[in-house]
Amino acid sequence: MSIIDLRSDTVTKPTAAMRQAMAEAEVGDDVYGEDPTVNRLEKLAAEIVGKEAALFVPSGSMGNQLAIMTHCERGEKVVCDSLAHIYQDEMAAASVIAGVQIQPVANLHHCQGIADLMDNLRTDIPYSAPVKLICLENTLNRNGGTVMPPEQMAVVYRLAREGNIKVHLDGARIFNAAVALQREVTEFTCFTDTVMFCLSKGLGAPIGSLLAGPRSFIDKARYYRKLLGGGMRQVGVIAAAGIIALQNYKHLAEDHEKAQYLAKELSSVDGLVIDLAKVQTNMVLVKPEKISLQEFLHRLKAAGVLAGALDQETVRFVTHKDVSMAEIKKAVHIIKEILRK
Ligand code: TLP
């Protein structure tokens, strides 16, 4: 039975062009800064997000954590949306590694949380730790991959500047945001001091993320990367795939079309609740009403469709380059059959 894997865009496999580039990559010891392919990737990455420098890191989580460590001192606060990956899905790493407190703010992503954000930025409370950093996430994974338009990022950035606070963007899927709004990536990243983005999600590279920002910041982050054991050696073999990924990201629009199709089809299915307004990129969140979430996932799997549980009641389908439109249509058929029975 062929499997239609809609658990995440992290399951994408390297393309033939990536594998060829990996096989042919020029390499050197990157801890000495001598891997020419990594150097090329870091330069390209910095350019594409409009920052001075970039650092290749093994994962998005490490990129975010390095950003927090580099921006903050122990005992400081980091404000983010209450759905943010750094708060919900990074193993409390910010407390363990950087020794900071994460302060979640509901609806920060929609700027409705601005009043709360202002409260958190107050400096006149003697018993509250100072806020050093605001982390935005675009697209916002746990909200169904919704996009925060640059204009809203600008509002947060302006507030942050007034409070002498830095802004970091978890841009794991910032290319999805840019493609969805048909804007340049720099139109988003100009409202952040630093940005992390992933090569190994919809862009299809096997491994790796980039952290970008001012050169002095990246130098310090490079030191911390080594401290955490993230210094890599002849890693040009992986960076080569990343370069191909970065040069060809417009195909993400196809993933968004597939998500639109899936969402529209599922919205007419009795027993599934879905908020179509949230389907803006490559994710579709549904709540099964007539069947338990575990039973739904179990039956899907038995029929060859893999999806993930976002929480106790929400199923997440993620479209990506390795699932074709024909397979999405097949998945729709399977889902309808399961709920009809
Ligand atoms: N997201 C994964 C899971 O960890 C939930 C997924 O399947 O979506 N930021 C955001 C917004 C992410 O969605 C992820 C991964 C990361 C950071 C971490 O990236 P990795 O997995 O490379 O550490």
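One-based numbering, in listed order, for ligands and for the atoms of each.
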Taking both backbone and side-chain atoms of [X], is any N or O found less than 3.5 Å from an N or O belonging to ligand 1?
X    : value
S200 : no
D9   : no
E90  : no
T10  : no
R173 : yes
D89  : no
M62  : no

Which is it for [X] and ligand 1 at heavy atoms under 4.0 Å: side chain, backbone, both or neither?
X    : value
E137 : side chain
A172 : side chain
R316 : side chain

Taking the six-membered ring for Trp, are F217 and H71 parallel (under 30°), tilted (30 to 60°) or perpendicular (over 60°)?
tilted

Which option wins on minimum heavy-atom distance to atom 2 (C) of ligand 1: M283, Q88, H85?
H85

Nearest-neighbour protein heavy atom for atom 20 (P) of ligand 1, which is reported as residue plus atom name and distance:
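Going by distance alone, atom 20 (P) of ligand 1 is nearest to G60 N, 3.5 Å.
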
Salt-bridged, E151 to R183, with N to O below 4.0 Å?
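Salt bridge: yes.
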
Taking the basic N atoms (NZ, or NE/NH1/NH2) and the acidic carboxylate oxygens, is any pair closer than 4.0 Å for R142 and D81?
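Looking at R142 and D81, the cut-off is not met.
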
Look at atom CD of E34 and say whether more than 12 heavy atoms of other residues, nucleotides or ligands are closer to it than 6.0 Å.
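Enclosed: over 12 neighbouring heavy atoms sit under 6.0 Å from CD of E34.
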
NE2 (H333) with more than 12 external heavy atoms under 6.0 Å
no

Residue among K330, K336, K258 satisfying salt bridge (Lys or Arg N to Asp or Glu O under 4.0 Å) with E265:
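Exactly one candidate clears the test, K336.
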
